[in-house]
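Scroll down for the structure; my scribbles are underneath it.
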Number of protein chains: 2
Amino acid sequence: MDSLNAIRKSFDQLVTMTDDDWFYFREKLHQTRFKRTDIITRFGQIENRLYFLTRGIVRHIVNTTSIETTSDFAFPGQFFSSYSSFISRRPSIYEIRPVTSEVDCYYLGYDSLQDVYLNTQCGEKIGRLAAEQQFQKKSSREVFLLTLNPREKYLQLLEEQPHLIQQIPLKHLASYLGITPETLSRIRSSIS
Amino acid sequence: MDSLNAIRKSFDQLVTMTDDDWFYFREKLHQTRFKRTDIITRFGQIENRLYFLTRGIVRHIVNTTSIETTSDFAFPGQFFSSYSSFISRRPSIYEIRPVTSEVDCYYLGYDSLQDVYLNTQCGEKIGRLAAEQQFQKKSSREVFLLTLNPREKYLQLLEEQPHLIQQIPLKHLASYLGITPETLSRIRSSIS
DNA sequence: ATCCAATTTTGCCTTGAATCAAATTTAAAG
DNA sequence: CTTTAAATTTGATTCAAGGCAAAATTGGAT
């Protein structure tokens, strides 16, 4: 199956993995599918799954009383999860929902992952490298949010994540940038 | 030595560590001291050290052409480093400088840490848990920066990190919150 | 293909925070 | 202790982005 290969591949980019380790891991994967209106992970729920996205797009929504704020998107070939809840075992402050009408994923349960950490050679190392990657992502975003004004944010997004602009509704992009849809619309029209 | 105990202690909070592992680790630690005007890590430099702070306060500064923006502070008992540079081996986009007149630390070189990963039982696990912690920290900060206005930022800081307010100059606090010193001064006077 | 709801755009007005500048306070250095 | 520079406060003004409302467009569902 091709998307299993994609998972293996993303591991191979991190570490040299034996076939034994891979088989041990693969056995624990499950497959699932979501529709646009489904809620993949709910606010307050303790995240029990680490997903690998094979089709569609999902977004992470911050639990604020007022307006929906998007903290992240995931695309095919990427892992996603309410990661802070998953690793801390505390209630999720994020909700995860599909952006596209159909979303296909593999996932690994929390306990399965702990088994992988205990029973494979490279488990811990993959876990460390993955966490380091996630850290770096949030770290760049911190600089992004701290130092740029709306126009600069949009220009940087345009340069560094053009695929995002092509496929995500403007209102979600706006909330991801921490600005209003109106402002983003104006910036966009003032450029192209 | 007491501050070595503090390091051991912070490891013990993460994982059960054998004395053998600890001795292996401890041998690789070095001690150093900085004065207020020193630059601990420079922009563009590849970070080669992971520090453990035993005395004083340091701050992480983002490399923007215009104004100095503070992305993080570290206090005694905490690790610090230009972590994204340290793990990616790419030039640092942060500068690290003392906030206090004297800063004492232990540090571990990059290669030493790789040795620890290879040659101890719990090294990888500590590395993973530490990276997960760093991730969570940046993750909360993302929500903080995305969803709060200046006043709300200050109130949350007051509640969750009061030690920070007591010991850091206002202008650095302001840049950490992504607002101007004038605005922070006004918010502060409107409250207490 | 048509309809309806959701999304995006546009215009107008408001406002919160930035900017600029000066006065005051604090603290570092000799 | 005194000096002097740096940090903070305060005031006046500006401006960028937000808020609101209505029009236009898009896209999904039937």
Side-chain angles (χ1 to χ4, degrees), chain A residues 34-39 55-57 59 61-62 64-70 73 97-103 144-158 164-192, chain B residues 34-38 56-57 59 61-62 64-70 73 97-103 144-158 164-192:
Chain A
F34 298 100
K35 298 243 166 267
R36 191 196 298 276
T37 51
D38 291 341
I39 298 181
R55 176 162 158 260
I57 304 173
R59 68 189 188 106
I61 300 147
V62 174
T64 51
T65 45
S66 51
I67 297 156
E68 276 191 4
T69 302
T70 303
F73 298 102
R97 296 214 299 260
V99 171
T100 49
S101 56
E102 303 244 319
V103 164
F144 178 88
L145 293 172
L146 260 180
T147 64
L148 305 181
N149 65 33
R151 163 172 282 255
E152 292 167 335
K153 283 175 179 173
Y154 180 72
L155 290 173
Q156 185 164 323
L157 195 72
L158 204 58
L164 224 142
I165 288 171
Q166 289 151 17
Q167 299 176 68
I168 313 273
L170 175 139
K171 63 168 188 168
H172 295 156
L173 277 184
S175 81
Y176 179 67
L177 301 180
I179 61 182
T180 61
E182 291 94 331
T183 295
L184 181 54
S185 173
R186 286 177 185 119
I187 290 168
R188 185 201 253 179
S189 77
S190 82
I191 288 169
S192 57
Chain B
F34 299 100
K35 298 242 165 271
R36 191 195 297 277
T37 52
D38 292 340
I57 304 173
R59 69 190 188 103
I61 300 148
V62 174
T64 51
T65 45
S66 52
I67 298 157
E68 277 192 2
T69 302
T70 304
F73 298 102
R97 296 214 301 258
V99 170
T100 50
S101 56
E102 303 245 318
V103 164
F144 178 88
L145 293 171
L146 261 179
T147 64
L148 304 182
N149 66 33
R151 164 172 282 256
E152 293 166 335
K153 284 175 179 172
Y154 180 72
L155 290 173
Q156 185 164 320
L157 196 70
L158 204 57
L164 226 143
I165 288 172
Q166 290 151 17
Q167 299 176 67
I168 313 272
L170 175 139
K171 65 168 187 169
H172 295 155
L173 278 184
S175 81
Y176 179 67
L177 301 179
I179 62 182
T180 61
E182 292 93 331
T183 295
L184 181 54
S185 172
R186 286 180 183 115
I187 291 168
R188 184 201 252 178
S189 77
S190 81
I191 288 169
S192 57

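None of the values given here were measured: they were computed from a predicted structure. Convention: sequence-line order gives letters A, B, ...; per-chain numbering from 1.
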Euclidean distance, atom [atom1] of residue [X] to atom [atom2] of [N] [Å, nearest integer]:
{"X": "A:R188", "N": "D:dT26", "atom1": "CZ", "atom2": "C1'", "answer": "12 Å"}
{"X": "A:N149", "N": "D:dC15", "atom1": "CG", "atom2": "P", "answer": "15 Å"}
{"X": "A:H172", "N": "C:dA6", "atom1": "NE2", "atom2": "P", "answer": "12 Å"}
{"X": "B:L146", "N": "D:dG18", "atom1": "CG", "atom2": "P", "answer": "12 Å"}
{"X": "A:Y154", "N": "C:dT8", "atom1": "OH", "atom2": "P", "answer": "12 Å"}
{"X": "A:E68", "N": "C:dA6", "atom1": "CD", "atom2": "P", "answer": "13 Å"}
{"X": "B:I187", "N": "C:dG16", "atom1": "CD1", "atom2": "C1'", "answer": "10 Å"}
{"X": "A:E152", "N": "D:dA16", "atom1": "CD", "atom2": "P", "answer": "12 Å"}

Backbone N/O of B:D38 and side chain of B:R97: donor-acceptor pair under 3.5 Å: no
B:E152 side-chain N/O to B:N149 backbone N/O, donor-acceptor pair under 3.5 Å: yes
Short side-chain N/O contact to C:dT9 OP1/OP2 from A:S185, under 4.0 Å: yes
C:dA18 OP1/OP2 closer than 4.0 Å to side-chain N/O of B:T180: yes
Test log, rule side-chain contact (heavy atoms from CB on, under 4.5 Å), inputs B:I187 and B:K153: CA-CA 10 Å; B:I187 291 168; B:K153 284 175 179 172; over 6 Å; no
Closest-nucleotide ordering on DNA chain C, the 5'-leading residue of B:E182 and B:R36: B:E182
Touch class at under 4.0 angstrom, heavy-atom based, for A:L184 against every strand present: nothing
Sugar-phosphate only, base, or nothing, as touched by A:R151 at under 4.0 Å among non-hydrogen atoms: nothing
Out of [options], which nucleotide sits closest to the side chain of [X]?
{"X": "A:I179", "options": "C:dA18, C:dT9, D:dG18", "value": "D:dG18"}
{"X": "A:K171", "options": "C:dA17, D:dT8, C:dT8", "value": "C:dT8"}
{"X": "B:L170", "options": "C:dT9, D:dA17, D:dT9", "value": "D:dT9"}

Worked verdict on B:I165 versus B:Y154 for side-chain contact (heavy atoms from CB on, under 4.5 Å): CA-CA 9 Å; B:I165 288 172; B:Y154 180 72; 4.0 Å; yes
Among A:I67, A:T70, A:T69, the one residue meeting side-chain contact (heavy atoms from CB on, under 4.5 Å) with A:V62: A:T69
Base of C:dG16 paired with side chain of B:R186 (donor-acceptor, under 3.5 Å): no
